[in-house]
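Taking it in order: structure first as structure tokens, then the write-up.
The sequence lines fix the lettering, A, B, ..., with proteins before strands; numbering per chain opens at 1.
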Amino acid sequence: MATLEVKDLHVEITDDEQQKSREILKGVNLTMNTGEIHAIMGPNGTGKSTLSQTIMGQPAYHVTQGDILLNGESIIEMPVDERARKGLFLGMQYPAEIQGVTNAEFLRAAMNARRADDDQISVMAFLKELDKNLALLNMSESMTERYLNEGFSGGEKKRNEILQLLMIKPSFALLDEIDSGLDIDALQVVSKGVNSMRGDNFGSLIITHYQRLLNYIVPDVVHVMMGGKIVKTGGAELAQMLESEGYAGLRDDLDLDVKLVDED
Amino acid sequence: MEAIADYKQLKTSVAAAASEYGEPEWLVERRVAAIDQMATLALPKANRFSIRDWPLTPTDQPLISSSDQSLTADVQMEAEHVQLVQVGSTTVMVNLPTELADQGVILMDLMTAIKKQPELVQQYLMTVIKSDEDRLTSYHEAFLNAGALLYVPKGVTIKQPIEINTVQDSTREQPLVAHVLIIAEDNSHFSVTHHLTTKGDVANVANVLVEIQARADSEVHYSAFDELGANTMAYMNRRATIARNAKVDWAIGMMNDGKTFGDFDSDLVGEGAKSDAKVITVTTKEQNVCINTRVTNRGKKTTGNIVQRGVIMEKSNLIFNGIGHIIHGASGAHAEQENRVLMMSNDAHGDANPILLIDENDVLAGHAASVGQIDEKQMYYLMSRGIDKAQAQRLVIRGFLSTVIGAIPAKPVRDRLTNTIERKLEDGIEL
Ligand SMILES: Nc1ncnc2c1ncn2[C@@H]1O[C@H](COP(=O)(O)OP(=O)(O)OP(=O)(O)O)[C@@H](O)[C@H]1O
Ligand SMILES: [Mg+2]
């Protein structure tokens, strides 16, 4: 079993134009184990993507206080590639496009990156695994010969993130709005992909705005984030409650002093 | 410019050497006339770059000498290839399948062609690039000592790529003055892959000219992999004259390790002529490189594209000039260009200069240029999948350069280009 712990995490971002720092995360606490699916919901601009990017190690986000531990070891000083090789994966809200590098070539490089030099995956084994996962995600083989994310539609990019997840098999997958921009069929396919990973050696932190995704990938734990903190944690029913009450209701119930984006 | 003590004496010795090789009178005369031109012509000029101090016209070395054939040992030669292999002035292999020879295709080393196809050579040699353009073109005609003739008759289509391997013999002092003359008659279609390498570490000059006469409705795809050595100072001039509805595509991987000055030109003469020029380069160490890729739209409805991409490392300097010239009367012309330089070191210097000279109103012209660092978002994405920084950089850079790699039809050359790029990146990237 692997564990990911976020302890009293404070994160700042520096605005390049104004040369000013702003605190986005204001003391986040979260513990998850493999075998569990956690969901994070929360209003726009509250820091959900910031949390996932900081766990992954995106250099723009500065940890000013607190710690992130993977199996008890602090990772906040580690570069992003090392965190990935230790078992973290981030399905991004906006994946980068890279011309001239095929999807297949990239997938192989990523898989080999976490294997020893004398234990690189064979072409046969790679193709077999690739075919299996393409079939699972209803993806056409031609997608793998295209350049990485280049000219992919929004939905294709999301599917491609899940394909990477299935190929790389991390311990923990942070999935940031993996459902946004997906049509209903694609939502089911993507959910099927994530569910196929479920098991003792896999945990996931799913960021979403919609209860609908959580009907397909039923979470063990749901967190609500507001104003840079986790303000409430519960079971799958918490997501359903939010759907009917909205964030303002929850905020007022909890008597929080948080401003929501679409309020004046 | 080096002072040449005695032009008269030089003319006498060049004429004597050429005659000794049994060259026809017309060529000896042209060599001698070219020496006269050398005395008065200036070096070629480029925007933001000067080769004033480059000793590119040595005259104190033999005109022609023979080279050891074993220097081509690592050139892949296959019986079924259409191929010509030359080391220095020595021809090692010419392979032209009989069915192509029967159709009238000619592939010969230039010195043989001068004897066996004198009318053809005399008619076309130095007509696309003229000897009196500058000091280096006149030097070329005067000291020419290697090269090839490729002639493809009317209506002939050749499926396999035609490979020309030029190996510079730098086991001793001897300038390589090589000329590839390509004539594409009406409605012919073919592709050429030209691979240049250096054997030996002696400091030498390479002066390489490629002329393409693309007649009406012909289609020529010329790809080059320049891999001249670190001690070679190179002047490379490639140019096509493109007639009505003909098309010439260039894919040039300029991977020389030494100082290089390159002029790559497409002259769109006939109505509807097209050219597509793609150039990539990786510069390392203290290398100094200038590449001028030019398209001149003369005919109506001509289309020219330029893409130049360079990666600069260590203390190298790279100047990309993209020159789009639309002549008055070339209505409906279309000219696009993109020049990009990726800086991998703060000590490197690079420029990407689009130069547009437009003398006609009814045209479509566009350009893009940039000098910048590797994209951080791309790096983050790759690294977030566990790929380390060095490999992530190599992937992004290879992607950046992929336009030319993919355009080389001969697979061994393509693979070797990929490997050469990888080696340069591995040696040159500072982490
Ligand atoms: N790289 C950045 N540069 C500047 N500001 C940023 C950056 N990343 C996040 N922020 C700011 O931090 C705050 C939190 O953003 P974040 O993307 O984490 O929100 P989120 O909860 O994911 O919102 P959404 O639901 O809209 O995706 C926002 O005000 C945002 O503008
Ligand atoms: Mg977000």
Is there a side-chain contact between [X] and [Y] (heavy atoms, below 4.5 Å)?
X	Y	value
A:Met197	A:Ile162	no
B:Ile306	B:Phe264	no
A:Leu205	A:Leu4	no
A:Asn195	A:Ile217	yes
A:Met78	A:Leu70	no
B:Val282	B:Ile397	no
A:His223	A:Met225	no

Notebook entry, point to check: Checking heavy atoms, do the side chain of A:Leu107, its backbone, both or neither come under 4.5 Å from chain B?
Noted result: neither
Notebook entry, point to check: Checking heavy atoms, do the side chain of A:Ile168, its backbone, both or neither come under 4.5 Å from chain B?
Noted result: side chain
Check: every donor-acceptor pair under 3.5 Å linking chain A and chain B:
residue	atom	partner	partner atom	Å
A:Gln53	OE1	B:Tyr380	OH	2.4
A:Arg85	NH1	B:Gly386	O	2.9
A:Leu90	O	B:Arg385	NH1	2.6
A:Leu90	O	B:Arg385	NH2	3.1
A:Glu97	O	B:Gln378	NE2	2.8
A:Gln99	OE1	B:Arg309	NH1	2.8
A:Glu105	OE2	B:Arg398	NH1	2.9
A:Glu105	OE2	B:Arg398	NH2	2.8
A:Arg114	NH2	B:Arg385	O	2.9
A:Asn149	ND2	B:Tyr381	OH	3.2
A:Glu161	OE1	B:Arg385	NH2	2.6
A:Glu161	OE2	B:Tyr381	OH	2.3
A:Glu161	OE2	B:Arg385	NH2	3.4
A:Gln164	OE1	B:Arg385	NE	2.5
A:Gln164	OE1	B:Arg385	NH2	3.3
A:Gln164	NE2	B:Tyr381	OH	2.9

Note to self: Quick check for you: among A:Ala110, A:Ala60, A:Pro59, A:Gly57, which has the greatest number of heavy-atom pairs under 4.5 Å with chain B?
What the structure shows: A:Ala110
